[in-house]
Undergrad: 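Submitted below is the structure of interest, expressed as structure tokens.
The basis for the numbers below is simple: all heavy atoms, side chains too, and nothing from hydrogens, waters or symmetry mates. Numbers restart at 1 for each chain; the letters A, B, ... are given by sequence-line order, proteins then strands.
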Protein chains: 2
Amino acid sequence: MDLKALKTFHRIVSLGGFNRAAEELNYAQSTVTMQIKKLEAELGILLIERGKLFQLTEAGRVFHQQSTHIVKDIEHLEATMSDMLVGEAGNIRMGAVEPIASCQLPGILDRFLSKYPKIRISVDIANTAALSERLLKGELDLALCSRQDIGTALYFEPLFSEDLVFLVPERHPLASNPTLSFEDIKHHRMLLTSKNCLYRKKIEIALQERCENQVETMEISSMAAMKHYVEGGLGIALVPKSIASPQLSGTVARKINGTRISITFGMLCKAADYPLKLACAKLYQYLKQELAGPGDTLDDDSSRS
Amino acid sequence: MDLKALKTFHRIVSLGGFNRAAEELNYAQSTVTMQIKKLEAELGILLIERGKLFQLTEAGRVFHQQSTHIVKDIEHLEATMSDMLVGEAGNIRMGAVEPIASCQLPGILDRFLSKYPKIRISVDIANTAALSERLLKGELDLALCSRQDIGTALYFEPLFSEDLVFLVPERHPLASNPTLSFEDIKHHRMLLTSKNCLYRKKIEIALQERCENQVETMEISSMAAMKHYVEGGLGIALVPKSIASPQLSGTVARKINGTRISITFGMLCKAADYPLKLACAKLYQYLKQELAGPGDTLDDDSSRS
DNA sequence: TCGGTAATTCAATATTATTGAACAACGGAG
DNA sequence: CTCCGTTGTTCAATAATATTGAATTACCGA
């Protein structure tokens with residue numbers, strides 16, 4: 001079946017004649033005849049009642065009805081592709097590590113999608129290593145995670161860094177200190193995330209160096225659950241500022257006295273894909289703008305209370 | 001946009017490569033390349049990631065998703081047209097006069113549509129003159145009505161005839177007669193349908209000839225309502241047997257003694273359309289078979305009680 | 001670096017779409 | 001009923017384009 005003939009058929013129906021359709025479509029009259037003839041031959045059935053007043057056959061009516069949807073869908077598809085061309089439409093597969101995926105991303109994506117209603121986004125939440133792998137396999141377009149050095153196949157661009165803060169139960173003896181150092185928490189219980197967590201390694205190094213391992217630890221796999229353990233008084237956690245605030249009642253955040261521990265997050269994508277195109281580029285610009293600034297320091301209001 | 005290229009694209013995706021698609025579609029490899037190239041050029045955007053392992057671009061994924069519906073719809077349309085070719089599918093616009101439309105037709109059409117689930121039927125209910133007009137204008141495909149002699153433009157084929165019977169109120173003085181003649185109803189009140197009704201003319205002629213107009217008449221526009229007027233004792237009606245039975249309680253049917261009055265119904269269509277094609281032919285055959293026989297006589301059980 | 005597979009390029013060829021001119025069918029006006 | 005204007009068809013010529021094989025290039029994995 002030929003799309004050109006299909007469109008001609010629809011023009012004939014809406015204009016009520018071969019001649020008018022030919023004129024409007026800039027065809028010779030004979031061209032229109034030929035196209036319809038071919039269409040009818042393919043289908044093996046007459047579509048248009050010839051002679052006399054213009055009229056469709058039964059088959060023609062059914063054909064017109066059904067093909068209308070098809071023509072509309074094709075036009076919609078063409079419009080979509082045209083939107084994609086300028087980045088207004090698209091289907092982005094992004095990845096993100098916790099806590100970005102749960103804390104910052106929902107708000108940002110909500111605003112982004114409101115601005116670009118024809119763009120769809122799927123978010124894969126995993127650690128940096130897993131995301132890198134999926135990027136290389138072409139299963140993701142871009143990811144928000146920490147730096148991953150896999151030669152030249154991936155491109156990383158830092159966007160912001162996040163400090164860690166102590167999250168302390170409200171009634172904990174250390175809660176009264178305005179800041180806490182690692183020395184302070186010797187002989188107290190620390191709550192740690194699971195081994196594959198980004199922060200875990202940095203925290204362990206700090207504990208080893210500064211507390212000489214004189215700290216009891218307990219492992220909680222989820223960062224979100226962690227807050228409730230702190231609230232319950234089970235121990236002190238070291239968490240990203242964005243997790244600590246807004247605070248759960250019953251917990252207080254305290255910045256680290258002495259060494260500052262922070263982790264840098266950024267955009268990771270296949271080197272071949274950079275600079276990003278189309279909708280991904282739009283999302284990237286948006287992320288850059290939304291993520292720049294916050295989380296760099298503890299010297300703002302939200303961390304004080 | 002070209003459908004051939006669209007199908008090639010889908011084959012490439014499902015088979016995972018230009019080569020395999022070319023082989024399966026009996027194309028040279030270069031043909032496939034050309035088709036995709038042209039498609040991409042038209043859309044202005046790359047669909048397939050070249051080199052390395054086979055992969056779609058973001059645009060390619062969106063395009064594939066959306067065009068899948070289109071390809072399916074086209075296949076469905078082709079299947080429908082193929083069904084139409086053998087009369088298994090279709091869209092029939094039929095007309096019918098009362099009381100056929102209300103009495104016989106519902107049952108017949110229900111059975112017919114169960115047998116041919118892909119056929120759709122619309123029923124236009126009007127008198128013979130109006131139906132003829134719509135047939136000529138091409139707004140109907142066939143009609144069940146009485147003969148209409150409009151030269152050679154229309155074709156009529158008798159299918160069955162229906163006798164008229166007297167419908168008498170149960171407590172009416174004439175209700176005790178097993179049969180009634182026109183002479184019997186002199187000086188009683190007759191209920192007549194409106195002027196454009198099929199039966200009206202025949203009844204008026206009979207009344208004039210046999211009762212010398214010594215009958216009081218009253219006009220009721222609807223045949224269905226008529227039964228209730230009879231039930232209420234307002235007078236005697238002369239109605240088709242199929243209207244009289246099943247009877248409304250409070251009324252009794254009596255056959256005509258002497259002259260038999262009957263009207264012949266049949267299939268009317270444009271002369272140019274006869275013999276009917278496709279789904280219309282199927283329906284016509286079915287109607288013929290279902291309508292043949294019943295309604296010819298009063299000598300069956302249903303008319304006696 | 002070197003095969004081997006996979007896709008592209010290009011010029012030649014086959015196919016098919018398009019066209020104008022002459023012709024046929026139809027409907028309405030005289 | 002005939003004529004005329006409109007509308008669609010036929011057909012052979014022509015324009016456009018789809019397809020192809022052979023040579024070439026790109027790329028993956030060893």
Undergrad: Does this structure show an ion pair linking B/K270 with A/E49, if we count only N-O contacts that are shorter than 4.0 Å?
TA: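 No, B/K270 and A/E49 are not salt-bridged.
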
Undergrad: Which residues within residues 32-47 of chain B lie with some heavy atom under 4.0 Å of an atom in DNA chain C?
TA: B/T33, B/M34, B/K37

Undergrad: Work out which heavy atom in B/I263 is nearest to a heavy atom in B/S146; give both atom names and the distance.
TA: CG2-CB, 4.4 Å

Undergrad: In this structure, how many angstroms lie between the P atom of D/dG8 and the CD atom of A/E23, rounded?
TA: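 From A/E23 CD to D/dG8 P: 12 Å.
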
Undergrad: Between A/K4 and A/S30, which is nearer to the 5' end of DNA chain D once each is assigned its nearest nucleotide?
TA: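 Final value for this comparison: A/S30.
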
Undergrad: Rounded to whole angstroms, how far apart are CD on A/Q55 and P on C/dA25?
TA: 20 Å

Undergrad: Output the single nucleotide from D/dA22, D/dG8, D/dT7 whose closest atom is nearest the side chain of A/F18.
TA: D/dG8

Undergrad: Any donor-acceptor pair under 3.5 Å linking the side chain of B/E58 with the backbone of A/N91?
TA: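 Yes, the answer is positive, given that a donor and an acceptor are paired below the 3.5 Å cut-off.
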
Undergrad: Between B/D2 and B/K38, does at least one N-O distance fall below 4.0 Å, as a salt bridge requires?
TA: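 So B/D2 does not pair with B/K38 through a salt bridge.
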
Undergrad: Measure CG/A/D2 against P/D/dA16 and give the value in whole Å, please.
TA: 17 Å

Undergrad: Please say which of A/I36, A/T31, A/T8 ends up in a side-chain contact (heavy atoms from CB on, under 4.5 Å) with A/F18.
TA: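 Of the listed options, the one satisfying the test is A/I36.
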
Undergrad: Whole Å only: how far is the CD atom of B/Q29 from the P atom of D/dG21?
TA: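 Rounded to the whole Å, the gap is 8 Å.
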
Undergrad: Rounded to whole Å, please give me the gap between CZ in B/R20 and P in C/dA6.
TA: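 In whole Å, C/dA6 P and B/R20 CZ are 6 Å from each other.
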
Undergrad: Rounding to a whole Å, what distance do you find between A/I48:CD1 and D/dT7:C1'?
TA: 13 Å

Undergrad: Evaluate the ring pair (Phe, Tyr, Trp, His ring centres under 6.0 Å) criterion for residues B/F63 and B/F9: first the C-alpha distance (whole Å), next the side-chain angles of each, then the deciding distance (0.1 Å), finally the verdict.
TA: CA-CA 10 Å; B/F63 184 82; B/F9 174 75; 5.2 Å; yes

Undergrad: Select base, sugar-phosphate, or nothing to describe what B/Y27 touches, counting heavy atoms under 4.0 Å on all strands.
TA: sugar-phosphate

Undergrad: So, does A/T57 use its side chain to make a donor-acceptor pair with the main chain of A/L47 at under 3.5 Å?
TA: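 Yes, the answer is positive, given that a donor and an acceptor are paired below the 3.5 Å cut-off.
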
Undergrad: To the side chain of A/T31, which of C/dT19, C/dC10, D/dG8 is closest?
TA: C/dT19

Undergrad: Starting at atom CG of A/L53, determine the distance to atom C1' of D/dT6, rounded to an integer number of angstrom.
TA: 12 Å

Undergrad: Side chain of A/A28, heavy atoms from C-beta onward: which of C/dT19, C/dT18, D/dT9 has the nearest atom to it?
TA: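 For the A/A28 side chain, the nearest candidate turns out to be C/dT19.
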
Undergrad: Considering just the side-chain nitrogens and oxygens of A/N19, establish if one lies under 4.0 Å of OP1 or OP2 belonging to D/dT6.
TA: no

Undergrad: Using whole Å, report how far CG of B/L25 lies from C1' of D/dT19.
TA: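 These atoms are roughly 13 Å apart.
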
